[in-house]
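In what follows, chains carry the letters A, B, and so on, assigned in the order in which the sequence lines appear, proteins first and then strands, with residues in each chain numbered from 1.
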Protein chains: 2
Amino acid sequence: MTLEQSAVRPPAQTRGAGPAGQRRRSRREEILEIAVGLFATRGYHGVSMDDIGAAAGVTGPALYHHFAGKEAMLAAALIPVSEQLLAGGQKRIAESSEDPAAALAALVDFHVEFALANPAVIALHLHELDRLPEEPRRQIRRLQRLYVEEWVNTLTVLREELNAGEARVLAHAAFGLMNSTPFLGGEVDRARRAELLRAATLSALQG
Amino acid sequence: MTLEQSAVRPPAQTRGAGPAGQRRRSRREEILEIAVGLFATRGYHGVSMDDIGAAAGVTGPALYHHFAGKEAMLAAALIPVSEQLLAGGQKRIAESSEDPAAALAALVDFHVEFALANPAVIALHLHELDRLPEEPRRQIRRLQRLYVEEWVNTLTVLREELNAGEARVLAHAAFGLMNSTPFLGGEVDRARRAELLRAATLSALQG
DNA sequence: TGATGAACTTAACGACCGTTCAGCACTTGC
DNA sequence: GCAAGTGCTGAACGGTCGTTAAGTTCATCA
């Protein structure tokens, strides 16, 4: 009653030229995406290397040809997320540098889109960061802090009655709101969900 | 580098009459609270029975005198939370049955207070529910669903342009906002944090 | 053709985990 | 003073996990 082996091993030869212009993702990225999905639904410690391998159509030890170990897989999944969030946030702010209200709206737009596009990786980021060893964990926390500060700066300009600590509370509250998307599936289509989350977040932050 | 044993075993004899009117908590509850804290910070699978025992001042196997097993500890921690949330929500709604706006405000008040008072158990509830076996997990999900429906009903009365699915998206978004409190510590005192979260949640929900 | 190297397999290791069991210490009620 | 019972210890079990190692297959290319 452990893991129903539902993943079928792919044809094993897609190595050469892809059937069309579609760029072949590297095997490493492919495995990483599978691992992220498993981590997100069963928890880091709830998934074994054999589980990940089985889901990718290989045995557990085969994974060591692509990653140094299990912790390295988690780090490889989490670090790019923090980097993309920070880079995206900085870009949106730079694009509307003179108008803090527009900057906030752009931040919300960006974050909602990101969360809706990457629910598994967002859930991982929220729940499993502490399973990393010190070094990559510190790196990610630093990136997170910089991202939060972008929001805090925008908020303190826009709402002068807030001090930095209070703006930080609101920023985290906004993340909680926007990151709630992994918890709910269909029923409402993606565009409408994005609209609801955008409007709710902006209302929550503009007091 | 695993677990610094900082918990000191208590005097072991507080069994008789407490020194004053303070009601002695049962050993079971005491252990449960310790376990919840560990689960919340290191994850269910990241904590061993020996870890929990050590933090409570006993060995691992001693825990089997109070709980049937590790999963039973998690269930014992999570089920009362769902029950309290549902009961509290129903009570607040019944108390303001004629005024949906007041009902929503009461729900927000209640949930924010609960989240601020029990951050560890809220985090557990969010992250580790899937580690339970089917039976208790279904029970908890049923309680959760009923609690969410209280919010959904209040929201659909208050905002007639929303269908049930959209109201559910907003309800989960509000939970995400209010449950963000475990992620941030001091810097802003508790009363102010409650005020910020209350105002933000009401703004987010009232469109 | 034959060497190269990537991707994978099977087998095995040491460590740790949840759980069980037999027995000991100590308090309580008779 | 004695029996009952609670709470605990220490040792041990079967199982699982992350990881290592050695060997196999096979496409690629000189």
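Within the 4.0 angstrom heavy-atom criterion, only backbone atoms of the sugar-phosphate kind lie near A/S48; the bases stay farther away. Within 4.0 Å (heavy atoms only), A/G60 reaches no atom of the nucleic acid at all.
Between A/R190 and A/E113 there is a salt bridge, with a side-chain nitrogen of the basic residue lying less than 4.0 Å from a carboxylate oxygen of the acidic one. The existence of a salt bridge linking B/R145 and B/E149 is excluded, since no basic side-chain nitrogen approaches an acidic carboxylate oxygen closer than 4.0 Å. The pair B/R92-B/E150 does not meet the salt-bridge criterion, since no charged nitrogen lies less than 4.0 angstrom from a carboxylate oxygen.
The CG atom of B/L132 sits 16 Å away from the C1' atom of C/dG18 (whole-angstrom rounding). Between A/E71 atom CD and D/dG18 atom C1' the separation is 10 Å, expressed in whole Å. For the pair A/D50 CG and C/dA12 P, the computed distance is 15 Å after rounding to whole Å. Taking atom CD1 of residue B/I52 and atom C1' of nucleotide C/dC17, one finds them 12 Å apart after rounding to whole Å. Regarding A/L63, its CG atom lies at a distance of 17 Å from the P atom of C/dA6, rounded to whole Å. With rounding to whole Å, A/K70 atom NZ is found 17 Å from D/dT20 atom C1'.
Picking from C/dT19, D/dG18, D/dT20 the nucleotide with the shortest atom distance to the side chain of A/P61 gives D/dT20. Checked against D/dC8, C/dT19, C/dC8, the side chain of A/V58 finds its nearest nucleotide in C/dC8. Among the nucleotides C/dC8, D/dG10, C/dG18, the one closest to any side-chain atom of A/H66 is C/dC8. Nearest to the side chain of B/Y64, among C/dT19, C/dA11, C/dC8, sits C/dT19.
Between B/R27 and D/dT6, a side-chain N or O to OP1/OP2 separation shorter than 4.0 Å is absent.
Aromatic rings from B/H111 and B/F175 are positioned such that their centres are separated by under 6.0 Å.
For the pair A/K70 and A/Y64, the cation-pi criterion (under 6.0 Å, within 45° of the ring axis) is not fulfilled.
Position along DNA chain C of the nearest nucleotide to A/I31 versus B/A68 favours A/I31 as the more 5'-ward residue.
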